[in-house]
Asks: 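Just passing along the structure, written as structure tokens.
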Amino acid sequence: MNFDFKSARHWAEELIRQAVEPGARVIDATMGNGYDTQWLAELVGESGHVYGFDIQLEAVNRTRDRLAAAGLENRATLFHAGHEHIAELVGEPVDAAVFNLGWLPGTDKALRTRAETTLTAVNAALDKLKEGALMTICIYPGHPEGRDELDRLIAWGRALPGEKYDVMARAYLNQSGDPPVLIAVKKNKTRVRKQG
């Protein structure tokens with residue numbers, strides 16, 4: 001048998017595929033080169049919508065071009081804004097939120113996500129999740145800010161109330177180079193207590 005454990009991004013994609021159906025509303029909190037935004041726009045179909053965020057204009061333009069080339073531009077609203085603005089810019093509940101932290105590939109690595117704004121963003125996304133909805137967060141701990149994000153997001157996830165959320169972390173334990181880590185959060189459906 002030949003198989004591979006794959007990566008945090010792959011694990012996130014597997015979960016998102018289960019959570020997102022045609023008609024879904026989804027947040028792509030870190031557009032980057034637009035690959036996830038395009039993939040999400042394909043998943044949500046003609047009746048769904050993707051809200052994309054990136055602080056770098058280059059990322060917004062790359063994503064816009066990618067969506068236009070695929071004929072998907074009408075399925076997404078792209079914000080040239082940091083993901084910490086989710087609360088004010090997304091006006092409806094969502095079925096999923098996707099975070100792929102770090103920096104825009106091929107650009108200045110000094111401009112990257114930071115724990116403070118990431119924590120604001122994941123809390124805002126959490127508030128937007130419908131019952132039964134999913135948030136995935138891929139974290140890259142191979143640099144000091146990434147390590148800080150990982151530590152603080154693990155603490156954040158552990159503090160979420162278990163009756164309201166299922167929180168999972170998936171990571172390699174013995175690989176060199178600090179491979180990415182996945183944190184996934186599912187908002188549980190409200191349990192109705194029977195009286196009597």
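What's counted below: heavy atoms across the whole structure, side chains too, no hydrogens, waters or symmetry copies. Each residue takes its place number in the sequence, starting with 1.
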Asks: Which heavy atom of Pro22 sits nearest a heavy atom of Ser47, and at what distance?
Replies: C-OG, 4.1 Å
Asks: Heavy-atom distance under 4.5 Å between the side chains of Tyr35 and Arg62, does that happen here?
Replies: no
Asks: With a 3.5 Å distance limit and no angle check, can you tell me whether Arg152 reaches the backbone of Leu150 through a side-chain donor-acceptor pair?
Replies: no
Asks: Taking the side chain as every heavy atom from C-beta outward, state whether Arg114 and Glu145 have any atom pair closer than 4.5 Å.
Replies: yes
Asks: Ignoring hydrogens and angles, tell me if any N or O in the side chain of Asp148 forms a donor-acceptor pair with the backbone of Pro144 under 3.5 Å.
Replies: no
Asks: Is the backbone N or O of Asn100 less than 3.5 Å from a side-chain atom of Thr30, with the two atoms forming a donor-acceptor pair by type?
Replies: yes
Asks: Give a yes or no on whether a salt bridge exists between Glu13 and Arg9, defined as a side-chain N under 4.0 angstrom from a carboxylate O.
Replies: no
Asks: As an exercise, state the distance from CZ of Arg25 to OG1 of Thr77, rounded to the nearest 0.5 Å.
Replies: 9.5 Å
Asks: Going from NE2 on His10 to SG on Cys138, what distance comes out if it is rounded to the nearest 0.5 angstrom?
Replies: 11.5 Å
Asks: Apply side-chain contact (heavy atoms from CB on, under 4.5 Å) to the pair Met31 and Val60, showing each step before the final yes or no.
Replies: CA-CA 7 Å; Met31 283 186 284; Val60 177; 3.6 Å; yes
Asks: Looking only at atom types and distance, does a side-chain atom of Glu149 sit under 3.5 Å from a main-chain N or O of Pro141, one as donor and one as acceptor?
Replies: no
Asks: Compare every heavy atom of Arg147 with every heavy atom of Asp178, then report the nearest pair and how far apart it is.
Replies: OD1-NH2, 3.7 Å
Asks: Show, in sequence, the C-alpha distance, side-chain angles and deciding distance for Leu101 and Thr118, and conclude whether the side-chain contact (heavy atoms from CB on, under 4.5 Å) test is met.
Replies: CA-CA 8 Å; Leu101 304 178; Thr118 296; 3.9 Å; yes
Asks: Do Leu182 and Leu173 sit in the same hydrophobic cluster, where Ile, Leu, Val, Met, Phe, Trp and Tyr count as joined when their side-chain heavy atoms come under 4.5 Å apart?
Replies: no
Asks: Going by the angle between their ring planes, with limits at 30° and 60°, are Tyr51 and Phe79 parallel, tilted or perpendicular?
Replies: parallel
Asks: Kindly indicate whether the side chain of Val94, heavy atoms from C-beta on, has any atom under 4.5 Å from the side chain of Val26.
Replies: no
Asks: What do you reckon, is CD of Glu92 surrounded by more than 12 foreign heavy atoms closer than 6.0 Å?
Replies: yes
Asks: When rounded to the nearest 0.5 angstrom, what distance separates CD1 in Ile16 from CG in Asp36?
Replies: 9.0 Å
Asks: Supply the atom-to-atom distance Lys189 NZ to Lys130 NZ, rounded to the nearest 0.5 angstrom.
Replies: 11.0 Å
Asks: Counting N and O atoms only, with roles assigned by atom type, does the side chain of Asp28 sit under 3.5 Å from a partner on the main chain of Thr37, one being a donor and the other an acceptor?
Replies: yes
Asks: Backbone N or O of Gly146 within a donor-acceptor pair of the His143 side chain at under 3.5 Å?
Replies: yes
Asks: So if you build clusters from Ile, Leu, Val, Met, Phe, Trp, Tyr with side-chain heavy-atom gaps below 4.5 Å, do Leu153 and Tyr140 land together?
Replies: no
Asks: Indicate if Leu129 and Val122 have the same hydrophobic cluster label, given that clusters are the connected sets of ILVMFWY residues with side-chain heavy-atom separations under 4.5 angstrom.
Replies: yes
Asks: Establish whether Phe5 and Met168 are linked, either directly or via other cluster members, by ILVMFWY side-chain heavy-atom contacts under 4.5 Å.
Replies: yes
Asks: State, to 0.1 Å, how close Gly82 and Phe53 come at their nearest heavy-atom pair, and which atoms those are.
Replies: O-CD2, 3.7 Å
Asks: Check whether any side-chain N or O of His80 sits under 3.5 Å from a backbone N or O of Ile55 as a donor-acceptor pair, and report yes or no.
Replies: yes
Asks: For Ala96 and Val20, which heavy atoms make the closest approach, and how far apart are they?
Replies: CB-CG2, 3.7 Å
Asks: Hey, does Arg75 have a side-chain heavy atom less than 4.5 Å from the side chain of Val50?
Replies: no
Asks: Got a donor-acceptor contact below 3.5 angstrom from the Asp95 side chain to the Ala133 backbone?
Replies: no
Asks: How long is the span from the CG atom in Leu126 to the NZ atom in Lys164, to the nearest 0.5 Å?
Replies: 7.5 Å
Asks: Measuring from Lys187:NZ to Leu134:CG, what's the distance to the nearest 0.5 Å?
Replies: 13.0 Å
Asks: Could you tell me which non-hydrogen atom of Lys128 sits nearest to which non-hydrogen atom of Ile86, and how far apart they are?
Replies: CE-O, 4.0 Å
Asks: Taking atom types as modelled, is there a side-chain donor on Gln38 or Glu42 under 3.5 Å from an acceptor on the other?
Replies: yes
Asks: List the atom of Ala81, the atom of Leu89, and the distance in Å for their closest heavy-atom pair.
Replies: CB-CD1, 4.0 Å
Asks: Do Leu67 and Thr63 come within less than 4.5 Å of each other through their side chains, counting heavy atoms only?
Replies: yes
Asks: Can the ring centres of Trp156 and Tyr165 be said to be less than 6.0 Å apart?
Replies: no
